Structures are given as C-alpha cells and as structure tokens.
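Just below is one structure, and these are the notes that go with it.
Note that these values count all heavy atoms, side chains included, but never hydrogens, waters or copies made by symmetry. So you know, we letter chains A, B, ... as the sequences are listed, proteins then strands, and number each from 1. Please read these numbers as outputs of a predicted model, since none were measured by experiment.
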Amino acid sequence: MSVASNDPGAAPAAPAPSDFIRDIVARDVAEQRYPTIVTRFPPEPNGYLHIGHAKSICLNFGIARENQGRCNLRFDDTNPVKEDVEYVESITADVRWLVAGWADHCLGLKPRGATPAKVTLDGREDHYLAPAAAGAAAEAFFASDYFEQIYGYAVELIRRGKAYVCDLSAEETDAYRGSPDQPGRDSPYRHRSVAENLDLFTRMRAGEFPNGARSLRAKIDMASPNIWLRDPLLYRIRHVAHHHAGDKWCIYPLYDFAHCLSDYLEGITHSVCTLEFEVHRPLYDWILQSLDLPRALPHQYEFAKLNISYTLFSKRRLLQLVTESHVSGWDDPRLPTLSGARRRGIPASAIRKLATLVGVTKFESVTDVALFEHAIRDELNRAAARRLAVLRPLKLVLTNLPAGETILIDATNNPQDEQPTTRPVALTREVYIEAEDFAEVPPPKYFRLKPGGEVRLKYACIIKCDEVVKDAAGAVVELRCTADLTTRAGGPNADRKVKGTIHWVSATTSFGAEVRLYDRLFTVAEPGATDDFTRHLNPASLQVVTARLEASLADARVEDRFQFERLGYFALDPKDSAPGRPVFNRTITLKDTWAKA
RNA sequence: UGCCCGAUGGUGUAAUGGUAGCACAAACGAUUCUGACUCGUUUUGUCUAGGUUCGAGUCCUAGUCGGGCAGCCA
C-alpha cells in the first residue's frame, strides 16, 4: 500500500515503511485481533521533546495512519514532583506541529474533562475512555485522569491476593530486593490478610500515613531472575498536589502499574516503547492478566531509540546546556529539541523523512548526522523559494551603468517547480557580491571573480573585473567592473558561457538584516561519551552577520522557507523578528563539494 | 559473573531457508546562469567456530563483543 503525503511540495507517494513492529501490526490486522489499531505517544510532562521523541511519534502515528487507526497523545503524569503544565503545553504544540498535514486525523484526544466510563461487557464491569469526536472540545489524555480506575484495579489485585501493603522503608525494600545475581527475600508484610491490606490501602489513600511509610506492592516472586518481578511497587505515598489532578490524591501509582492500565483504559492495541522497558514487559503482562479484564489486552513492543552523531539527546545534558547558558534556551536553534528545530526552520516533513530513513529495529545504532542533513536539504530543495542575499558584502561598481538606472530582471523563484514563476530583481550601478566570491590571488580551480576575470551575475549578465580598489590597510573595499549587457537573458549573447556564476544584490534596493549562521553544536561525533561534554562545544556554532537581502525578502513570513542562492536554506526567526526588522536563521548550508577540496 | 536484548559495507537498513539489495557518505564523471539539484560510474559488508540442510545473513549449539535491568523516576 502506498501513502500519499499532504505536505505541500513533499515527495510523491512513497511505499509505506516496513519494519518488525509494523509486521506485527499487519499480522494482527490480518487476524482481526482488534477492531481498530490504536497506538499512543505517552511522554511524561517533565521536559521538552526532541528529535529522539520524534522517532517514536512518527512510528506510533505512522502505524495508526497506515491502518486507519488512531494514536493517542497521553501524558504519563504519575509523578507529580517532576511535572508541570508548562511541559504539557510545549509537548502538545510540538506533537501537533510534527504531525500537521500528515497524521492530524489520527491524533487521538479525549473530550475535555472526560474520565473513563463504567460499562458492562458480557455481564462484567469494565472501564473505557473513548476518544473525542472530530470537532468536539478535546484535550490530550492524561494518566492522572485514571487515578480512580487505577485505584480500583489496585483494590481488585488486593482482593485477588496479588498485592499487599508493605511497611518496609525504601532502604529496606532495596535490601530485600537482592541483586541481579542474588535472589531477594520476602517482605515480612507479604502475607497480610486481604482484609488488612484493604484497610491499610484505604487509609493510605485517606492520608493517614506520611510519605514513604507504606507502599502497595504486587505479590509476584522475590526470587525471580527478572528484578522487575520481585514484588514491584505499585503505589507510593506522596503528599503533594498534582499539576493536572489537583490535591485529590496523596498516593500515586508507579509507571509500571499505571502504564499498562492506561493503555487498557484507552483501548490501546500496540504499546510501543524503547528498549530499556524490555525487562518490564513481563510485569506489564502480569498486571493485565492478573486482573482478568473483559476486553482484548494491549501488548508492548520495544525498539531502539534514535542516536545521531554530533548530537546530544540526554535530557539532563540538554538541561545543563540551557542552565549554563551555552545556548539561549530550550528553543535554541542549535538544540535537537523540536522547538529548536522548528525555530531553526527545519520542516516537520524533514524530521518525518529522517524517521523513515532510519527505520525501526532493536539495534542501538548511531545515525550519521549527514542523513538528517540530507533529509532537511531534500525537503527544502523542493519547497524553498530562491532568493538573492549576500552574507558578507563587498561593493562592486558596474562602471558602464549610469548611476540612476535600474534594470529589472526576472529571477526564478524555484527551478524545482513544474512551472517555475519569477520575480523582478533590480540591477543597479552599485551591487554587493559575496566577499569570498572574489580572490585577488585565486587558488587553483577557482572559478569565481578575479582581477581581469569574468563571471556571471546570476540572472543578470556577465561582468569583467577591471579594477580592485583597496583601503590604506590594503584590504579590498571595492571592485570596478564592466557589465556586458548583451549577455542578459534574451540578449544576443545570452548563451555565452563563463565558468562562474555568483549571487549578488543591488546596493540601492537591498536592505541590511541580521542573519544567524548556525553550525553543529559539538565538534565531536559522540559528545555524550564523556561527562565534560561542554569541552567539545563548537565555538563557531553561531555566527551573526549583517547581510544584504534582496528587497522582496522584506515581506517574508514566518512560515516561508528560502534558499539564499549558493548559500543555504534560511527562514525567519519567529521569536526575534519584528515588523520591518526581520532576523533570519540559517537552517542548513547547501552541500558544498568545493569547500571540501 | 543472574536475567533479557542485540550484531549485515564508513553510517543507517533490506533480504521472513534460494542472485546479499537500497539510502546516506566517499571518489570519479556528465550536466548546470546555484561548485546546489539531477544523472551515471566506482569503492567497501553478513562477529567467530562448529552443526542441520541440496542450499544458511536467516535455523541450532557454543563463544566473542555491545547494550539494558537492582528508583517509593519514566
């Protein structure tokens, strides 16, 4: 099956990606194990999303999309001390941005304020939270909206003799757990009666005990070779308010207990997570199976998270970069955060393309950042309007053009379009060219401008360098050239060839603007390999220049993508641009095979 | 010295017992009013040792190397 993309300027329909998880889903679809395929993206709202999360989002939404299913956005907010609504909002915005124009229709949200409904299925009680209908007031799912149901499931586990209230302290629990190669010992509280457990758990909820005084534990096997099966904690006491649930609770479920049940309550079919949860899967299954639930159970599958060379993904280290002001904030364009990428001008479609290029496996690989750069250039090459801009201006006088004269020429907006359009740009007596496009003593194979040499001004005409003007210090400050107007498009010598074509702007109609040139943040391929990773920060990761931009760029909008010809891809900085004072960010350079030589 | 998982060119992946393919990167060439794009060519690979089989990257056994697991974090 092939899937069309709604992205403007996106590549033609490509075959749907295939990987071991999609194979499993396809098998389940073929066997009609579930009425619809439902996945979920379940971040904890305790930080910003980055490209690594994007891989998971693309996988989960991709599966939903390819199977006419749904992917719920759910906040895994079971630890109130780490979480905040600030993150809920940024994560929601980032997810929406990433799937916009691609899988918006698969984004599973719930009716605003809704909690799971009690239903009766085959005479058995069940709970289910249906997604919001299209157009209804909706919000993301929250695990904290299920605290009542999850509490009920805990009570049920106690009734079945599969959970108990334990009075061991955190340290004692640790000691009783044993070690990977040493079995644990049973808690002295393991054999409390169901009635006592019920009473104690009720009082835990009622707030009778201080933090850490007691916990609820699953009764599994303290000698299990899998540590996660050694009577794992299900609930802890925390007398703190919750950013979403308010101050209703003083006991909070742990990840392992809340996650599988949240999946169940939402009707998730395929619960996809990263490899470190592999050893938790038996617990995921144990909890669901112990409850004897009426509906089909979700299943967990694990894949390797994304690593990219020269890129840091660790939340802790990203935080350090922000707090130590190595970058300007979580949305610094040099960061791999989704907000940073967006601000830098990276299209969501490029991130999605990267996700399909890297595939999904259980091998913890390091993807070459060049693959990401390729994805970005590929998307932008298709979509970006070409413009003329000079980053480091050098004045050039066309001595045979009168001072007041303006010649309007047609410049192609995007040669990649099937029917390219043009815009007028002004050629005047004084123009700016890129300083590095002139060399007084040219290196070998240099085919830009040199004394006595010829070059074409893109879209305009061939010029010849007659004179080099220098200041007292000997620096080149101006070039005096003659323009061969017969080489203009449509002119008699339009087809005359010169080796070099360079970009330029009119000195009189262009305007100056701040342009931020970004480069990779780190100088080493694996910046996370050492603790003193800030040592490997690239001192030139940001350079700010005052560039000269062609007049039409004054009307640039935040959503526009540009290729400054021969330089790279640029977009307006959405934060620091002001009307009449645009600031451009360089998303990425053009591939430059000359610079490498 | 417990349990779980993994290993295919430089990188990321495909091949579901039957011709080791694709993409990125690199190199060279063509084309070019972007040293871009596009197009063409080339280099480089199944962790090791056994076994099963007519046939093994794939299945089995052992090993090597790498990763994960001992939060009242997720």
Side-chain angles (χ1 to χ4, degrees), chain A residues 18-20 23 42-44 46 76-79 81-83 166 168-171 173-174 177-184 211-217 224-230 232-238 252 254-256 258-259 273-282 302 304 309 315 354 356-375 377-378 381-382 386 388 412 415-416 445-448 455-462 487 489 494-503 563-568 589-597:
Chain A
S18 167
D19 54 66
F20 79 99
D23 289 347
E44 182 185 21
N46 69 346
D76 223 339
D77 55 348
T78 55
N79 187 6
V81 306
K82 287 186 158 189
E83 301 157 5
C166 181
L168 252 25
S169 70
E171 297 70 35
T173 307
D174 233 26
R177 187 159 31 228
S179 59
D181 54 349
Q182 206 64 39
N211 289 347
R214 296 186 214 265
S215 62
L216 184 74
R217 294 231 251 162
S224 170
N226 182 342
I227 285 175
W228 291 99
L229 259 20
R230 320 242 264 228
L233 269 77
L234 269 19
Y235 266 92
R236 80 279 231 187
I237 300 173
R238 285 283 177 280
Y252 293 95
L254 277 106
Y255 165 84
D256 287 293
H259 200 91
C273 60
T274 45
L275 249 26
E276 64 266 32
F277 293 104
E278 222 162 11
V279 287
H280 294 237
R281 196 190 330 134
E302 310 86 13
S309 60
K315 199 172 273 182
L354 173 71
T356 74
L357 286 173
V358 298
V360 180
T361 66
K362 299 184 79 158
F363 179 61
E364 298 196 56
S365 55
V366 180
T367 294
D368 190 338
V369 71
L371 192 66
F372 186 29
E373 295 173 343
H374 163 76
R377 290 190 180 108
D378 200 43
N381 177 45
R382 237 188 310 274
R386 272 56 173 175
L388 293 173
T412 305
Q416 305 291 321
K445 285 200 193 161
Y446 186 81
F447 44 84
R448 282 111 100 148
V455 81
R456 180 178 280 276
L457 296 184
K458 178 97 181 173
Y459 304 122
C461 59
I462 293 174
T487 59
D495 293 335
R496 218 185 104 198
K497 304 288 183 204
V498 282
K499 189 62 183 163
T501 298
I502 64 173
H503 58 279
Q563 181 195 104
F564 291 178
E565 296 218 37
R566 301 212 307 132
L567 294 172
T589 62
L590 249 31
K591 209 168 143 187
D592 188 355
T593 44
W594 162 249
K596 281 177 185 165

Backbone of A/Glu276 reached by a side-chain donor or acceptor of A/Thr274 within 3.5 Å: no
Look at all strands and tell whether A/Asp23 reaches a base, only sugar-phosphate, or nothing, counting heavy atoms closer than 4.0 Å. base
Give the nucleotide from the list B/U34, B/G12, B/C5 with an atom nearest to the side chain of A/Lys458. B/U34
Syn or anti for B/G71, taking syn as within 90° of 0? syn
Describe the nucleic acid contact of A/Pro415 in one word from base, sugar-phosphate, nothing, applying a heavy-atom distance below 4.0 Å. base
Minimal non-hydrogen separation, A/Glu83 against A/Thr78, with atom names: OE2-N, 3.5 Å
Atom CZ of A/Phe363 and atom P of B/C5 are separated, to the nearest Å, by 17 Å
Assign A/Asn79 to base, sugar-phosphate, or nothing according to its heavy-atom contacts below 4.0 angstrom with the strands shown. sugar-phosphate
Between A/Arg566 and B/G35, does any side-chain N or O lie under 4.0 Å from OP1 or OP2? yes
With a 4.0 Å cut-off on heavy atoms, is A/Thr361 in touch with a base, just the backbone sugar-phosphate, or nothing at all? sugar-phosphate
When all nucleic acid strands are considered with a 4.0 Å heavy-atom cut-off, which category describes A/Tyr459: base, sugar-phosphate, or nothing? base
Assign A/His259 to base, sugar-phosphate, or nothing according to its heavy-atom contacts below 4.0 angstrom with the strands shown. nothing
When the P atoms of B/U58 and B/G50 are compared, how many Å lie between them, rounded to an integer? 14 Å
Whole Å only: how far is the CG atom of A/Asp19 from the C1' atom of B/A15? 15 Å
Would you measure the distance from the P atom in B/G21 across to the matching atom in B/G45 and give it in whole Å? 12 Å
Quick one: is A/Arg238 getting a side-chain N or O under 4.0 Å of the B/C73 phosphate, OP1 or OP2? yes
Can you figure out which of B/A36, B/A23, B/G35 approaches the side chain of A/Phe447 most closely? B/G35
Nearest to the A/Lys591 side chain among B/A23, B/A25, B/C69, which nucleotide is it? B/A25
Check every atom of B/C3, B/G12, B/C5 against the side chain of A/Pro225 and return the nucleotide holding the closest atom. B/C3
Say you pick atom P in B/U41 and the same atom in B/G9; how far apart are they, in whole Å? 24 Å
Rounded to whole Å, how long is the line connecting atom NE2 of A/His374 with atom C1' of B/A23? 7 Å
Side-chain atoms of A/Asp174 come closest, of B/A70, B/G2, B/C4, to B/A70
Strand RNA chain B as a dot-bracket string - pairs counted if Watson-Crick or G-U with both distances under 3.5 Å, | where the partner lies in another strand: .((((((..((((....[..)))).(((((.......)))))....(((((..]....))))))))))).....
Quick check on B/C73: is either OP1 or OP2 less than 4.0 Å from any side-chain nitrogen or oxygen of A/Arg236? yes
Charged N-O contact under 4.0 Å between A/Lys82 and A/Glu44: no
Need one value for A/Gln563: base, sugar-phosphate or nothing, where a base atom within 4.0 Å counts as base even if backbone is also close, heavy atoms only. base
For B/G68 and B/A26, measure between their P atoms and round to the nearest Å. 31 Å
Tell me if a side-chain donor or acceptor on A/Thr487 pairs with a main-chain N or O of A/Ile462 at a distance below 3.5 Å. yes
Counting only side-chain heavy atoms from C-beta out, which of B/G12, B/A74, B/G35 sits nearest to A/Asp76? B/A74
Interatomic distance at C1', B/U46 relative to B/C59, whole Å: 15 Å
Which whole-number value in Å describes the distance from A/Asn381 CG to B/U38 P? 7 Å
If you look at every strand shown and take non-hydrogen atoms under 4.0 Å, does A/Gly359 touch a base, only sugar-phosphate, or nothing? nothing
In whole angstrom, what separates A/Lys82's NZ from B/G71's P? 13 Å
Gap in Å between the two P atoms, one belonging to B/U48 and one to B/U43, rounded: 22 Å
Would you say that A/Thr173 contacts A/Ser215 through its side chain, given a criterion of any heavy-atom pair below 4.5 Å between the two side chains? no
Between B/G6 and B/G40 - P atom distance, rounded Å: 37 Å
Does B/A74 have OP1 or OP2 sitting under 4.0 Å from an N or O in the side chain of A/Thr78? yes
A/Leu590 CG to B/C33 P, straight-line distance once rounded to whole Å: 17 Å
Does A/Glu565 reach a base, just sugar-phosphate, or nothing at all? Heavy atoms under 4.0 Å. base
Closest non-hydrogen atom pair, A/Ile227 against A/Ser179: CD1-C, 4.1 Å
If we require ring centres under 5.5 Å and near-parallel planes under 30°, does A/Tyr255 stack on B/A74? no
With the side chain counted from C-beta on, respond yes when A/Asp76 and A/Tyr255 share a heavy-atom pair under 4.5 Å apart, and no when they do not. yes
For A/His280 and A/Ala460, find the nucleotide of RNA chain B closest to each by heavy atoms; which residue's nucleotide sits nearer the 5' end? A/Ala460
Would you mind telling me which residue lines up with the more 5' stretch of RNA chain B, A/Ala494 or A/Arg281, judged by nearest nucleotide? A/Arg281
Do the side chain of A/Arg238 and the main chain of A/Asn211 share a donor and acceptor less than 3.5 angstrom apart? no
With a 4.5 Å cut-off on side-chain heavy atoms, are A/Phe564 and A/His503 touching? no
Need one value for A/Leu233: base, sugar-phosphate or nothing, where a base atom within 4.0 Å counts as base even if backbone is also close, heavy atoms only. base
Main chain of A/Arg456, side chain of A/Thr501: is a donor-acceptor contact present, judged purely on distance under 3.5 Å? no
A/Val279 side chain, from C-beta outward: closest of B/A70, B/C33, B/G68: B/G68
With no hydrogens and no angle check, is any side-chain donor or acceptor of A/Asp23 less than 3.5 Å from a backbone partner on A/Ser18? no
Tell me which nucleotide among B/C4, B/C24, B/U32 gets nearest to the side chain of A/Glu278. B/C4
B/A36 OP1/OP2 closer than 4.0 Å to side-chain N/O of A/Thr593: yes
So, do A/Thr412 and A/Arg386 sit near enough that their side-chain heavy atoms are less than 4.5 Å apart? no
Phosphate-side-chain proximity, A/Arg177 and B/G2, N/O vs OP1/OP2 below 4.0 Å: no
Name the nucleic acid region contacted by A/Lys497, choosing base, sugar-phosphate or nothing; use a 4.0 angstrom heavy-atom cut-off, strictly under. sugar-phosphate
For a quick check of understanding: with a heavy-atom distance under 4.0 Å over all strands, which category does A/Thr412 fall into, base, sugar-phosphate or nothing? nothing
Remember a base hit wins even if backbone is also touched, and classify A/Arg456 as base, sugar-phosphate or nothing at under 4.0 Å, heavy atoms. base
Nucleotide B/U13, atom C1' - distance to CG of A/Asp368 in whole Å: 14 Å
If I pick the P atom on B/U1 and the same atom on B/U19, what distance separates them, to the nearest angstrom? 45 Å
Does a side-chain N or O of A/Thr367 approach OP1 or OP2 of B/U11 to a distance below 4.0 Å, or not? no
Expressed as a whole number of angstroms, how long is the span from A/Ile227:CD1 to B/G68:C1'? 11 Å
Which part of the nucleic acid does A/Leu354 contact within heavy-atom distance under 4.0 Å: base, sugar-phosphate only, or nothing? nothing
